[in-house]
There are 2 protein chains.
Amino acid sequence: MSHTLGIRQAQKQKTRQAFLDAALALLEEQSLSSLGLREVTRAVGVAPTAFYRHFRSTADLGVALVDEALGSLHPMVRTTVSTTGDPEERITRAVELIARHVTEYPAHVRFIARERHGGVQPVREAIRAQLHRFAEEVRAELAKDEEAEGWSEDDLLMLAHLYVDQMLITASLFLEALEAPEDERERVTRLATRQLRLITLGRSHWLD
Amino acid sequence: MSHTLGIRQAQKQKTRQAFLDAALALLEEQSLSSLGLREVTRAVGVAPTAFYRHFRSTADLGVALVDEALGSLHPMVRTTVSTTGDPEERITRAVELIARHVTEYPAHVRFIARERHGGVQPVREAIRAQLHRFAEEVRAELAKDEEAEGWSEDDLLMLAHLYVDQMLITASLFLEALEAPEDERERVTRLATRQLRLITLGRSHWLD
DNA sequence: AATTCCAGAGAACAGTTGTTAACTGGATGA
DNA sequence: TCATCCAGTTAACAACTGTTCTCTGGAATT
């Protein structure tokens, strides 16, 4: 099924990826709404006009970055939530997974945290849509758990959003602690673990 | 004690406030890192160079905006948390208070949500510091409650941060629902209420 | 082998930006 | 009353921005 791309298409995709990489790097120290088209092309090493062969505008590039940063994350979220084992172990694994992801893709995480409430509407929309997908997937996984018996769909979605938001908050904290000494990251781990523990505790008494 | 300002100082403060107001309005559709100095002076109706009489840079203006947006909010947070009455009533009042604040100062709320993870370091720092103050104040209020018996200081701060973050998430949701029909805001109210309820439930079983 | 296609280059456009220096004129304080 | 101060002005600077049109050379198609 995998159709080998021609030299032409392959080169185009390569350049496109170079745009995404360069933009992501530049966005570590500014917001998308201040990212200039020429700034990006300069970083890639191509003429300004080449930009238009790939994107309509920087907002368009931003939407593509959202897909790159969040699109491939869905399997990970699903498996994390559905992991079997006692709750405490699940929480530990979830926090570890977030920490590792932040370490591996700090620029992606920073971009999402920054542009979630950023100044570019189509990008905000794209992030909102992806996060909603996450919440729906988490809800679906939660529904499978025996603890979900007696829960309404609406309440499950409410809890799912709580988990998703908590995931983002934690990721952002790890991001801030990235260059800090080891014990700061340890502190964040402990904080996030206890917060998840408290939420899970509330969950298990929801039907009282 | 209140020293009447001279005509000169008064006029200066008036212009300064005009800068803050104009910037806040412009920031509804962009981020601080893309806000131009000339753009602001144009909106105020003053020469570009006048800007330097009040601020070193737009980042400096941003820090001033953080103080305006969050500085006056501390009493409200304190009294909200310390309100007596049964937990359910407290939650309702808290959510209502957030909703009202968002309706009254939407630009302030948008600014904080946007720049909390934005591209301007000094502003991020200023917001982080203010939110930490909030968390400390909430912790102090929680400590007075009889439910806090047996809690460690660290765990109380953990819970306080959870409440503060939840407050911001809720505010942001109300902001998105500002121009939406009434039933959307009602939906957000119900969601936020149940999330707070679940957290409070976890809180009451923390020591089990 | 001849033709079409198209990613990227090049040049030019009118506007924009932050920052400097030297100024003006009304409020301030002696 | 007179000298000082200082919020805001004017003018000019080099550097930058997004977007247009035209062109080119190698890949793709016939």
### Query
Stem ranges for DNA chain D, with three or more consecutive Watson-Crick or G-U pairs under 3.5 Å?
C:1-12 with D:19-30, C:14-17 with D:14-17, C:19-30 with D:1-12

### Query
Any donor-acceptor pair under 3.5 Å joining the side chain of B/Thr49 to the base of D/dT10?
yes

### Query
Where is the tightest heavy-atom contact between A/Leu156 and A/Ala148, given as atom of each residue plus distance?
CD2-CB, 4.2 Å

### Message
Quick check: on DNA chain D, is the nucleotide nearest A/Pro48 upstream (toward 5') of the one nearest A/Gln9, or the reverse? Name the residue that is more 5'.
### Response
A/Pro48

### Summary
Here the distance between atom P of D/dC16 and atom CG of A/Leu35, to the nearest Å, is 16 Å

### Message
Show the nearest heavy-atom pair for residues B/Phe55 and B/Leu61, with the distance to one decimal.
### Response
CD2-CA, 3.7 Å

### Whole-Å distance separating the CD atom of A/Glu39 from the C1' atom of D/dA15
14 Å

### Message
Output the rounded distance in Å from CZ (A/Phe51) to P (C/dA9).
### Response
14 Å

### Query
Between B/Ile7 and A/His54, who's closer to the 5' end of DNA chain C by nearest nucleotide?
A/His54

### Under-4.0 Å salt bridge between A/Arg93 and A/Glu89
no

Polar atoms only, N or O, under 3.5 Å: list the protein pairs with nucleotides 12-15 of chain C and their distances.
none

### Query
Which pairs, with at least one residue in residues 44-71 of chain B and sequence neighbours excluded, count as a side chain to side chain donor-acceptor pair (under 3.5 Å)?
B/Gln17-B/Glu68, B/Asp67-B/Gln130, B/Glu68-B/His108

### Message
Under 4.0 Å between a side-chain nitrogen and a carboxylate oxygen: does that hold for A/Arg139 and A/Glu136?
### Response
yes

#### Entry: Side-chain ion pair, B/Arg116 and B/Asp165, N-O less than 4.0 Å
yes

### SB check A/Glu125 A/Arg128 (cutoff 4.0 Å)
yes

### Task
Nearest whole angstrom, please: distance from the P of C/dA27 to the CD of B/Gln11.
10 Å

### Task
Just call it for B/Ser57: base, sugar-phosphate, or nothing, with non-hydrogen atoms closer than 4.0 Å on any strand.
nothing

### Task
Taking only Lys NZ, Arg NE, NH1 and NH2, and the carboxylate oxygens of Asp or Glu, determine whether B/Lys144 and B/Glu141 approach each other closer than 4.0 Å.
yes

### Query
Counting side-chain heavy atoms from C-beta on, which of C/dA27, D/dG8, C/dT17 comes nearest to B/Arg42?
C/dT17

### First encountered from the 5' end of DNA chain C, between A/Val46 and B/Tyr52
A/Val46

### Query
What is the distance, rounded to the nearest whole Å, between atom CG of B/Leu5 and atom P of C/dA27?
15 Å

### Message
Quick one, A/Glu96 and A/Thr189 - any side-chain contact, counting heavy atoms below 4.5 Å?
### Response
no

### Task
Would you mind classifying the nucleic acid contact of A/Ala50 as base, sugar-phosphate or nothing, using non-hydrogen atoms under 4.0 angstrom?
sugar-phosphate

### Query
For the pair made of CZ in B/Arg53 and C1' in C/dT19, what is the distance, rounded to whole Å?
13 Å

### Query
For the base of C/dC6, is there a side-chain donor-acceptor partner from A/Arg8 under 3.5 Å away?
yes

#### Entry: Whole-Å gap separating P (C/dC5) and NZ (A/Lys12)
15 Å

#### Entry: From A/Glu176 atom CD to B/His117 atom NE2, the distance as rounded to the nearest 0.5 Å
7.5 Å

### Query
Starting at CD of B/Gln30 and ending at C1' of C/dT16, how long is that distance when rounded to a whole Å?
14 Å

